[in-house]
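The block underneath contains the structure these notes are about, expressed in structure tokens.
Because the structure is predicted, anything quoted here is derived from the model rather than measured.
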Amino acid sequence: MCHVIVTCRSMLWTLLSIVVAFAELIAFMSADWLIGKAKPSNSEDVDNRIGGSQEPYHPTLGIYGRCTRISHMQLSRRDTLCGPYAENFSEIASGFWQATAIFLAMGIMILCAVAFVSVFTMCVQSIMKKSIFNVCGLLQGIAGM
């Protein structure tokens, strides 16, 4: 009975480790770190197909990506273009954002490594008399700082 509980806990920990690693990666790639004020809609923003106005446009900025409005396509559904504004590391918005990019990238790499190792904990639970769970938990704590 105890072995079943340990196995279920390790499976849950493995699943959550993978989910957190992907969530961090998605947050890093997101352009929604800073969301600007809504731009007022004008008469050109009316969508003729529906008959109503579109949602107000909010410019956004992420660590290295942003979303901007495409001015010549205001009547279409896809009037915003999202993508990287920084072609290389030195073009990231500020020194603080560059530091954020470095620390987040390191944390994501650690979390991905722990998620990868956690899959193998189903078969092997200790190496050199050290619990893999304790070591991986410590690494996850460091990645979360």
(Q) If you compare all heavy atoms of Asp32 against all heavy atoms of Ile35, which two are closest, and at what distance to 0.1 Å? (A)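 It is O-CG1, 4.2 Å.
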(Q) To check you understand the geometry: which heavy-atom pair defines the closest contact between Phe89 and Ala101, and what is its length? (A)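 Minimum heavy-atom separation between Phe89 and Ala101: CE1-CB, 4.4 Å.
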Q | Sequence neighbours excluded, every pair satisfying ring-ring contact (aromatic ring centres under 6.0 Å, His included) that has a member inside residues 98-126 | A |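 Output for this query lists Phe116-Phe120.
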Q) Which residues satisfy the side chain to side chain contact (heavy atoms under 4.5 Å, CB included) test with Pro84, sequence neighbours excluded? A)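 Pro84: side chain to side chain contact (heavy atoms under 4.5 Å, CB included) contacts with Tyr64.
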Name every donor-acceptor pair, under 3.5 Å, that has one atom in a side chain of residues 131-145 and the other anywhere in the protein, sequence neighbours excluded.
{"from": "Ser131", "atom 1": "OG", "to": "Phe133", "atom 2": "N", "distance (Å)": "3.2"}
{"from": "Gln140", "atom 1": "OE1", "to": "Trp13", "atom 2": "NE1", "distance (Å)": "3.2"}
{"from": "Gln140", "atom 1": "NE2", "to": "Ser17", "atom 2": "OG", "distance (Å)": "2.8"}

Q | Members sharing Leu16's hydrophobic cluster (side chains within less than 4.5 Å) | A |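 Members other than Leu16 - counting any ILVMFWY side chain reachable under 4.5 Å - are Leu12.
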Q. Among pairs that include at least one residue of residues 86-108, which meet side-chain hydrogen bond (donor to acceptor under 3.5 Å, both in side chains), considering only residues two or more places apart or in two chains?
A.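 Qualifying pairs: Asn88-Ser90.
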Q. What pairs meet the side-chain hydrogen bond (donor to acceptor under 3.5 Å, both in side chains) rule with one or both residues in residues 106-119, with sequence neighbours excluded?
A.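 Pairs touching residues 106-119 that pass the test: none.
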**Q.** Distance, nearest 0.5 Å, that separates OG1 of Thr68 from CG of Leu61
**A.**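 Here the rounded value is 11.0 Å.
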Q. Tell me, do Met11 and Leu15 make a side-chain contact under 4.5 Å, heavy atoms counted?
A.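 The answer is no, as the side chains (C-beta and beyond) never meet within the 4.5 Å cut-off.
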Pair up each side-chain donor or acceptor in residues 19-29 with any protein partner under 3.5 Å, not counting sequence neighbours, and list the distances.
none

Q: Take Thr60 and Leu34 through the side chain to side chain contact (heavy atoms under 4.5 Å, CB included) test and state the conclusion after the steps.
A: CA-CA 6 Å; Thr60 63; Leu34 293 176; over 6 Å; no
Q) Is there a path from Ile108 to Ile92 through hydrophobic residues (I, L, V, M, F, W, Y) whose side chains come within less than 4.5 Å of each other? A)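 Yes, Ile108 connects to Ile92 through the hydrophobic network.
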Q: Report the residues that fulfil ring-ring contact (aromatic ring centres under 6.0 Å, His included) with Tyr85, sequence neighbours left out, ordered by chain and then residue number.
A: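 Applying ring-ring contact (aromatic ring centres under 6.0 Å, His included) to Tyr85 gives none.
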Q) disulfide bond (SG atoms under 2.5 Å apart) with Cys67: which residues, sequence neighbours excluded? A)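 Disulfide bond (SG atoms under 2.5 Å apart) list for Cys67, sorted by chain: Cys82.
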